[in-house]
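Just so it is clear, the structure is predicted and the values come from calculations on it, not from any experiment. Quick note on labels: first sequence line is chain A, next is B, and so on, each numbered from 1.
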There are 2 protein chains.
Amino acid sequence: MESQDLKKAGLKATLPRLKILKFLEASQVRHMSAEDVYKAMLENGDEVGLATIYRVLTQFEAAGLVTRHHFDEGHSMFELNQGSHHDHILCVKCGRVDEFMDPVIEEQQHKIAEAKGYEMTDHALYIYGICPNCRKSGKK
Amino acid sequence: MESQDLKKAGLKATLPRLKILKFLEASQVRHMSAEDVYKAMLENGDEVGLATIYRVLTQFEAAGLVTRHHFDEGHSMFELNQGSHHDHILCVKCGRVDEFMDPVIEEQQHKIAEAKGYEMTDHALYIYGICPNCRKSGKK
DNA sequence: GTTGGAAATGCGAAACTCTATCATTTCACT
DNA sequence: AGTGAAATGATAGAGTTTCGCATTTCCAAC
Ligand SMILES: [Zn+2]
Ligand SMILES: [Zn+2]
Ligand SMILES: [Zn+2]
Ligand SMILES: [Zn+2]
């Protein structure tokens, strides 16, 4: 029962919030913009106002249900928090997104923050490149 | 003579481009938005249209003269390419920006890209935290 | 040094993503 | 069911960046 998840997160269990949460859980695509969610839900017959999508995703982020990424400038990408923390490697040709987690990098980041006197709160790491498929097909 | 630098970069040596390049070289602040550049140049008495600032900075980026960063969502930050490659650690309270370069992380990134079958073209790493000054003054 | 044409600039309008406003609806609790 | 607080939807607006086009500037050939 997803309404329990929302209550636990301190959010009233409204129909739009339930629909959005269900949609994210059912989606095959793990990383989506607000607009992506809006359009995909429309096609599913679940119409929720775009402003509400933005509001709810921001609330989900604050509640720790989703994570916001900035793969490229222009728009935020959202991802339901299911697995554990990971970073992303992105194809600059086709937009494919893969995930990875590197304990060495994670640890180095903390060391760097410490060396600079910072109290680290977050980090973002994006590797850009050409994915295996695009390399094969020689897209330009 | 900066006009040689522009010619070498494949750009016609126009007055606005020369002014912008000189300004970037003279600026104490290393990371600036297009709007920052526009306003600072205005105060210097060097008026260049905002659209031109955007165009020229984008051309400078393509020519390898500057690097574009996405410290936070909303607007691009530009930095003149002078030293060597580095990444950034940012204060979430005051906006301070520090730089670092970690050979271990750099190498791990290549390994990850290789393991995933990607041909790596670029990467972005931002560490967010609270800087030494803000920790001391206990800003919230 | 003029001149001609390609390229760059400046201005305003427009695109794009996201947020604010506010009347209306929905939710949670008696 | 009734009540008040909170959420939603539609639209307007804000902030950043790009576009379109008339005018100006650059540069190389005369
Ligand atoms: Zn690809
Ligand atoms: Zn992910
Ligand atoms: Zn600070
Ligand atoms: Zn820098």
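For the pair B/L18 CG and C/dA8 P, the interatomic distance rounds to 13 Å; values are reported in whole Å. The OH atom of A/Y38 sits 10 Å away from the P atom of D/dT11 (whole-angstrom rounding). Spacing between atom NE2 of A/H70 and atom P of D/dT16 amounts to 15 Å, rounded to whole angstrom units. The CG atom of A/L6 sits 18 Å away from the P atom of C/dT26 (whole-angstrom rounding). Atom C1' of nucleotide D/dG9 and atom NZ of A/K19 are separated by 13 Å, given to the nearest angstrom. In this structure, CG of B/D36 is placed 10 Å from P of D/dT17, rounded to the nearest angstrom. A/R17 has its CZ atom 8 Å from the C1' atom of D/dA6, to the nearest Å.
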- Base versus backbone protein contacts along nucleotides 13-19 of chain C [heavy-atom cut-off under 4.0 Å; B, S, -]: ----SBB
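Considering only residues two or more places apart in sequence or on other chains, B/A63 meets the side chain to side chain contact (heavy atoms under 4.5 Å, CB included) condition with B/A9, B/L11, B/L65. Residues that satisfy the salt bridge (charged side-chain N to carboxylate O under 4.0 Å, His left out) test with A/K111, not counting sequence neighbours, are A/E107. Residues meeting the ring pair (Phe, Tyr, Trp, His ring centres under 6.0 Å) test with A/H75, sequence neighbours left out: none. Taking A/Y126 as the reference, A/F71 meet the ring pair (Phe, Tyr, Trp, His ring centres under 6.0 Å) condition, with sequence neighbours excluded. In this view, A/R96 and A/D98 satisfy the salt bridge (charged side-chain N to carboxylate O under 4.0 Å, His left out) rule, not counting sequence neighbours. Looking at residues two or more places apart in sequence or on another chain, you find no salt bridge (charged side-chain N to carboxylate O under 4.0 Å, His left out) involving B/E106. Legend: residues meeting salt bridge (charged side-chain N to carboxylate O under 4.0 Å, His left out) with B/E25, ordered by chain and number and at least two apart, are absent.
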Under 3.5 Å, which donor-acceptor pairs link side chains of residues 36-48 of chain A to any protein atom two or more places apart or in another chain?
residue	atom	partner	partner atom	Å
A/D36	OD1	A/S33	OG	3.3
A/D36	OD2	A/S33	N	2.9
A/D36	OD2	A/S33	OG	3.1

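A rotation axis mapping the C1' atoms of four pairs onto the next four is fitted at both ends of the helix from C/dG1-D/dC30 to C/dT30-D/dA1 over five pairs, and the angle between these axes is 30° to 10 degrees.
Within the structure, ring-ring contact (aromatic ring centres under 6.0 Å, His included) contacts touching residues 89-123 of chain B (residues at least two apart or in different chains) are B/H85-B/H123.
Using bins of under 30°, 30° to 60° and over 60° for the plane-to-plane angle, the ring pair A/H86/A/H69 lands in the tilted bin.
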Interface polar pairs with nucleotides 25-30 of chain D, N/O, under 3.5 angstrom:
residue	atom	partner	partner atom	Å
D/dC26	OP1	B/L15	N	3.4
D/dC27	OP1	B/A13	N	3.1

- Message: side-chain hydrogen bond (donor to acceptor under 3.5 Å, both in side chains), that's the test. Do B/T52 and B/R55 meet it? Break it down for me.
- Response: CA-CA 5 Å; B/T52 300; B/R55 265 187 307 238; 3.2 Å; yes
